[in-house]
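Atom set for the values below is all heavy atoms of this structure, side chains included, hydrogens, waters and symmetry mates excluded. Numbers here simply count residues along the sequence, with the first being 1.
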Amino acid sequence: MLSIRAATVNDVPLLKALILELAEYERERQLVMITEADLARDGFGPQPKFRALIAEWDGQTAGYALFFGFYSTWEGRPGLFLEDLFVREIFRGKGIGKALLANVAGIAQRENCYGVRWEVLDWNQAAIDFYKGLGAEFRDQWKSVLLAGDALDRVAEAS
């Protein structure tokens, strides 16, 4: 049976393990720098930067969703950004990913958000097909942009 619950500070080691599993799946394990201390501080401290849901199937951890808020100037109200949605391989095909996304969507509705946004790797056709099947809009005309590392430092120096 499936159950979905909000993550707590006691789930920090589990969240880190799941993040590493997702990074391995996405072929980017070497890029993960997060520590348990980061997760505890940023998710469960006095000013949480994210929230997370844990999916369990018959008492076993099956996956998670991690998300945070942002604001749309065009909509004039907040949205949620889904940073991670991951289901362990042995639990796929049971509707767990859809249930996690439905829970995030429910939170968005209750909080008067205009929508939920996320990114998907272009090679992950199974995820693309899954999201299209749900009616998600792919905004191909928009490009994801990241300013980080040395480039971030150089730009910030101009301030």
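When hydrophobic clusters are built by joining Ile, Leu, Val, Met, Phe, Trp and Tyr residues whose side-chain heavy atoms come closer than 4.5 Å, directly or via intermediates, Ile19 is grouped together with Leu121. In this structure, Val104 is not a member of the same hydrophobic cluster as Tyr71, with clusters built from ILVMFWY side-chain heavy atoms closer than 4.5 Å. Note on Tyr114: it does not cluster hydrophobically with Leu101, by side-chain heavy-atom contacts below 4.5 Å among ILVMFWY residues. When hydrophobic clusters are built by joining Ile, Leu, Val, Met, Phe, Trp and Tyr residues whose side-chain heavy atoms come closer than 4.5 Å, directly or via intermediates, Ile34 is grouped together with Phe44. Criterion: ILVMFWY side-chain heavy atoms under 4.5 Å apart, direct or through other members. Under it, Val32 and Val12 are part of a common hydrophobic cluster.
Side-chain contact between Leu18 and Leu14 is present, with heavy atoms from C-beta onward closer than 4.5 Å. Taking 4.5 Å as the limit, every side-chain heavy atom of Phe81 sits out of range of all side-chain heavy atoms of Leu66. The side-chain heavy atoms of Leu2 and Ile96, taken from C-beta on, include a pair separated by under 4.5 Å. Annotation: side chain of Phe138 is in contact with side chain of Ile128 (closest heavy-atom distance under 4.5 Å). Considering only heavy atoms from C-beta on, Asp150 comes within 4.5 Å of Arg154 through its side chain. When side chains are defined from C-beta on, Arg139 counts as touching Arg117, because their heavy atoms get closer than 4.5 Å. Contact check for Leu22 versus Tyr64: side-chain heavy atoms found under the 4.5 Å cut-off.
Counting all heavy atoms, side chain and backbone alike, Cys113 lies closest to Leu80 at SG-CG, 4.0 Å. Residues Val120 and Ala127 share a closest heavy-atom pair of CG2-CB, 3.7 Å. Val87 approaches Gly97 most closely through the heavy-atom pair CG2-N, 3.6 Å. Considering every non-hydrogen atom in both Leu85 and Leu82, the closest pair reads CB-CD2, 4.0 Å. Here the closest non-hydrogen pair linking Phe86 and Glu21 is CE2-CB, 3.7 Å. Across every non-hydrogen atom of Trp123 and Glu26, the tightest pair is CZ2-CA, 3.9 Å.
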Could you walk me through whether Glu83 and Phe68 pass side-chain contact (heavy atoms from CB on, under 4.5 Å), step by step? CA-CA 8 Å; Glu83 178 69 17; Phe68 54 88; 3.8 Å; yes
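A cation-pi geometry, defined here as NZ or CZ lying under 6.0 Å from the six-membered ring centre and within 45° of its normal, does not hold between Arg88 and Trp57. A cation-pi arrangement is present between Arg92 and Tyr25, with the terminal nitrogen or guanidinium carbon under 6.0 Å from the aromatic centre and inside a 45° cone about the axis. Geometric assessment of Lys98 against the ring of Phe130 yields a negative cation-pi assignment under the 6.0 Å and 45° thresholds.
Asp84 places no side-chain N or O within donor-acceptor distance of the main-chain N or O of Ala65, the cut-off being under 3.5 Å.
In this structure, CG on Leu15 lies 8.5 Å from OG1 on Thr8, to the nearest 0.5 angstrom. Here CD of Glu119 is found 13.0 Å from CG of Asn124. Values are rounded to the nearest 0.5 Å. For the atom pair CD1 (Ile4) and CG (Asn103), the distance works out to 4.0 Å, reported to the nearest 0.5 Å. Taking CZ of Arg41 as the reference point, atom CD of Glu36 lies at 13.0 Å (rounded to 0.5 Å).
More than 12 heavy atoms of other residues, nucleotides or ligands sit less than 6.0 Å from atom CD of Gln141. By the 6.0 Å contact criterion, CD on Glu89 is open, its count of non-hydrogen atoms from other residues, nucleotides or ligands being 12 or less.
Using a cutoff of 4.0 Å between basic side-chain nitrogens and carboxylate oxygens, Arg51 and Glu111 are scored as salt-bridged. Ionic pairing of Asp11 and Arg5 is present here: one or more N-O contacts between side-chain nitrogen and carboxylate oxygen are shorter than 4.0 angstrom.
In summary, the side chains of Thr61 and Glu56 do not present any donor paired with an acceptor at a separation below 3.5 Å, with no hydrogens or angles considered.
Between Trp118 and Tyr131, the ring center distance clears the sub-6.0 Å criterion.
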